[in-house]
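Below, each value reflects all heavy atoms present in this structure, side chains not excepted, and no hydrogens, waters or symmetry copies.
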Amino acid sequence: MKTLLGIAASAFALCAASASMAGTLEDVRARGEIVCGVHFGLAGFAAPDDEGNFQGLDVDICRGVAAAVFGDADKVVYTSVTAKTRFTALQGGEIDLLSRNTTWTFMRDTALGLDFTGVTYYDGQGFMVRKDLGVGSAMDLEGATVCTSTGTTTELNLKDFFDGNGMAYDVVAFEKEAEVVAAYEAGRCDVYTTDASALAAARVQLANADEHMILPEIISKEPLGPVVRQGDDQWGDIVRWTLWVMDTAEELGITSENVDAIRAETKSPEIKRVLGVEGDIGEPLGLSPDFAYQIIKQVGNYGEIFDRHVGLETPLGLSRGLNDSWKSGGLRYAAPVR
């Protein structure tokens, strides 16, 4: 049993720890930029273009937060974090925000001192194989050698799937995704498994992409989203509402192209609130009244960033599916701005 002194000491330590984690907004403003942890080289999500500028769905979440905080989406420094290092980098203050294909799970949300602030991509784990392997279903993978990443939910899902179906398998695991893809392409394994979106990203980068196929089965739920440290509710709210602003803009038909015209002409009280024409929705977050306008103008609504980086007209060719707006039968649904 703890003494009253021990309880008081524990409470003080908890308060001190919470205080030390607070103030991210002040820190990034003093620094003049946001340090964002991403998955370097994941096509469609975080990869450099021909000029070395980072592009992708996860990158645009970081850019949206920068637009909200600074009115300048380019005030971001991108740091490469692996599946193994991503959480310690955030816990240790090396990054302000983790925006890297990271699954929101019970243990990660409750036991690591971290908070997930939303879902940027509703995904699920799949399998990629060479077409000449002669399989058309994950149920045909008895005895297969499977390449995957360490420190991920993928390993656990893989075990559940094979054990649950009474199938034998062997694992070849690496810390870095690039190492996993290289091993698969070199023929060190029969199968590559990870999130289906990451499989699509990897496939387009293979030397002979047409020789590979993604099997139809999805064996898990993988809600991928941005992560912040616990104990700083203001910063968590800023990241959460950055994503919800993007969803709200799509719901309202506001894009980066038409936002100025709508802002000048709208009679809608809701749109006036969102775009900062009336009221001050930025004040509770410590942001300017037009923070949502800046996100939409400089980065776009959710549909825009999806189509730009991973949609049907991109090399990944992904359909909206679950990532469509609720108005179109998807899962994307923002809390009301009022």
Any donor-acceptor N or O pair under 3.5 Å, side chains Gln298, Ser256: no

Can you confirm whether Arg273 sits close enough to Arg338 that some side-chain heavy atom of one is under 4.5 Å from a side-chain heavy atom of the other? yes

Any chance NZ of Lys131 has more than 12 other-residue heavy atoms, nucleotides or ligands included, within less than 6.0 Å? yes

Given side chains that start at C-beta, do those of Phe306 and Asp324 come closer than 4.5 Å, heavy atoms only? no

Non-hydrogen side-chain atoms of Asp307 and Tyr302 separated by less than 4.5 Å: no

Aromatic ring centroids of Phe161 and Phe127 under 6.0 Å? yes

Least distance between heavy atoms, Leu98 atom then Thr102 atom: CD2-OG1, 3.9 Å

Short question: side chain of Arg332, backbone of Thr248 - any donor-acceptor pair under 3.5 Å? no

Arg63 side chain reached by Thr242 side chain, heavy atoms, under 4.5 Å: no

Taking Gln230 for the side chain and Leu114 for the main chain, is one N or O donor matched with an acceptor at less than 3.5 Å? yes

Taking side chain as C-beta onward, heavy atoms only, is Leu90 less than 4.5 Å from Val227? yes

Counting only N and O atoms by type, is there a donor-acceptor contact under 3.5 Å from the side chain of Arg29 to the main-chain atoms of Glu26? no

Where Leu318 and Ala200 come nearest, the two heavy atoms and their spacing: CD2-CB, 4.0 Å

Indicate whether the side chain of His212 and that of Tyr192 have a donor and an acceptor atom separated by less than 3.5 Å. no

Within 45 degrees of the ring normal and closer than 6.0 Å to the centroid, is that where the cationic atom of Arg108 sits relative to Phe116? no

Can you find a pair of side-chain heavy atoms, one from Val181 and one from Gln205, that are under 4.5 Å apart? no

Test side chain to side chain donor-acceptor pair (under 3.5 Å), reference Gln125, set Thr193, Thr103, Thr152, Thr194, output is Thr193

Main chain of Glu211, side chain of Arg130: is a donor-acceptor contact present, judged purely on distance under 3.5 Å? no

Donor-acceptor contact present, side-chain Thr117 to main-chain Pro226, <3.5 Å: yes

Do Ile34 and Lys75 make a side-chain contact, defined as non-hydrogen atoms from C-beta onward lying under 4.5 Å apart? no

Can you tell me if Arg100 uses its side chain to pair, donor with acceptor, with the backbone of Val81 under 3.5 Å? yes

Do Val135 and Met167 share a hydrophobic cluster, counting only Ile, Leu, Val, Met, Phe, Trp and Tyr and linking them when any side-chain heavy atoms are less than 4.5 Å apart? yes

Are Val38 and Phe87 connected in the hydrophobic side-chain network, where two residues link if heavy atoms are under 4.5 Å apart? no

Tell me whether Asp96 is salt-bridged to Arg31, with the criterion being a basic N under 4.0 Å from an acidic carboxylate O. yes

Leu285 reachable from Leu275 in the ILVMFWY side-chain graph, under 4.5 Å edges: yes

Tell me yes or no: between the side chains of Ser288 and Asp290, is some donor less than 3.5 Å from an acceptor? yes

Using 30° and 60° as the class limits, which term best fits the ring planes of Trp244 and Trp241: parallel, tilted or perpendicular? perpendicular

Smallest heavy-atom separation, Val299 atom then Ala73 atom, equals CG2-CB, 4.0 Å

Pair Glu250 + Arg320, salt bridge at N-O below 4.0 Å: yes

Relative to each other, are the rings of Phe45 and Tyr121 parallel, tilted or perpendicular (30° and 60° limits)? perpendicular

Can you find a pair of side-chain heavy atoms, one from Tyr184 and one from Val191, that are under 4.5 Å apart? no

Heavy-atom donor-acceptor pair, Thr120 side chain to Leu224 backbone, under 3.5 Å: yes

Do the side chains of Leu158 and Leu199 join up, straight or via other hydrophobic residues, at under 4.5 Å, putting them in one cluster? no

Indicate whether the side chain of Glu257 and that of Thr255 have a donor and an acceptor atom separated by less than 3.5 Å. no

Under a 4.0 Å threshold between the charged nitrogen and the carboxylate oxygen, would Arg229 count as salt-bridged to Asp115? no

Return yes if a side-chain donor-acceptor contact under 3.5 Å exists between Glu217 and Ser137, otherwise no. yes

Are the side chain of Glu185 and the backbone of Ala207 linked by a donor-acceptor contact shorter than 3.5 Å? yes

The single option from Asp60, Asp58, Thr314 passing side chain to side chain donor-acceptor pair (under 3.5 Å) against His309: Asp60

Evaluate the criterion side-chain contact (heavy atoms from CB on, under 4.5 Å) for residue pair Ile295 and Met246; output intermediate values, then yes/no. CA-CA 8 Å; Ile295 294 169; Met246 293 177 174; 4.0 Å; yes

Cation over ring face, Arg263 and Tyr293, 6.0 Å, 45°: yes

Is a side-chain donor or acceptor of Asp123 paired with a backbone partner of Glu222 at a separation under 3.5 angstrom? no

Could you tell me whether Tyr78 and Phe40 have their ring centroids closer than 6.0 angstrom? no

Transitive ILVMFWY side-chain link Val129 to Ile214, under 4.5 Å: no

Determine the minimum heavy-atom distance between Thr88 and Glu94, stating which atoms define it. O-OE2, 4.4 Å

Heavy atoms of other groups near Lys176 NZ, more than 12 under 6.0 Å: no

Looking only at heavy atoms, what is the nearest atom pair of Ala173 and Thr150, with distance? CB-CG2, 3.5 Å

Can you find a side-chain donor-acceptor pair between Thr82 and Glu175 that sits under 3.5 Å? yes

Closest approach of Ser149 and Val180, non-hydrogen atoms and distance? OG-CG2, 3.5 Å

Give a yes or no on whether the backbone of Asp260 and the side-chain of Lys297 come within a donor-acceptor separation of less than 3.5 Å. no

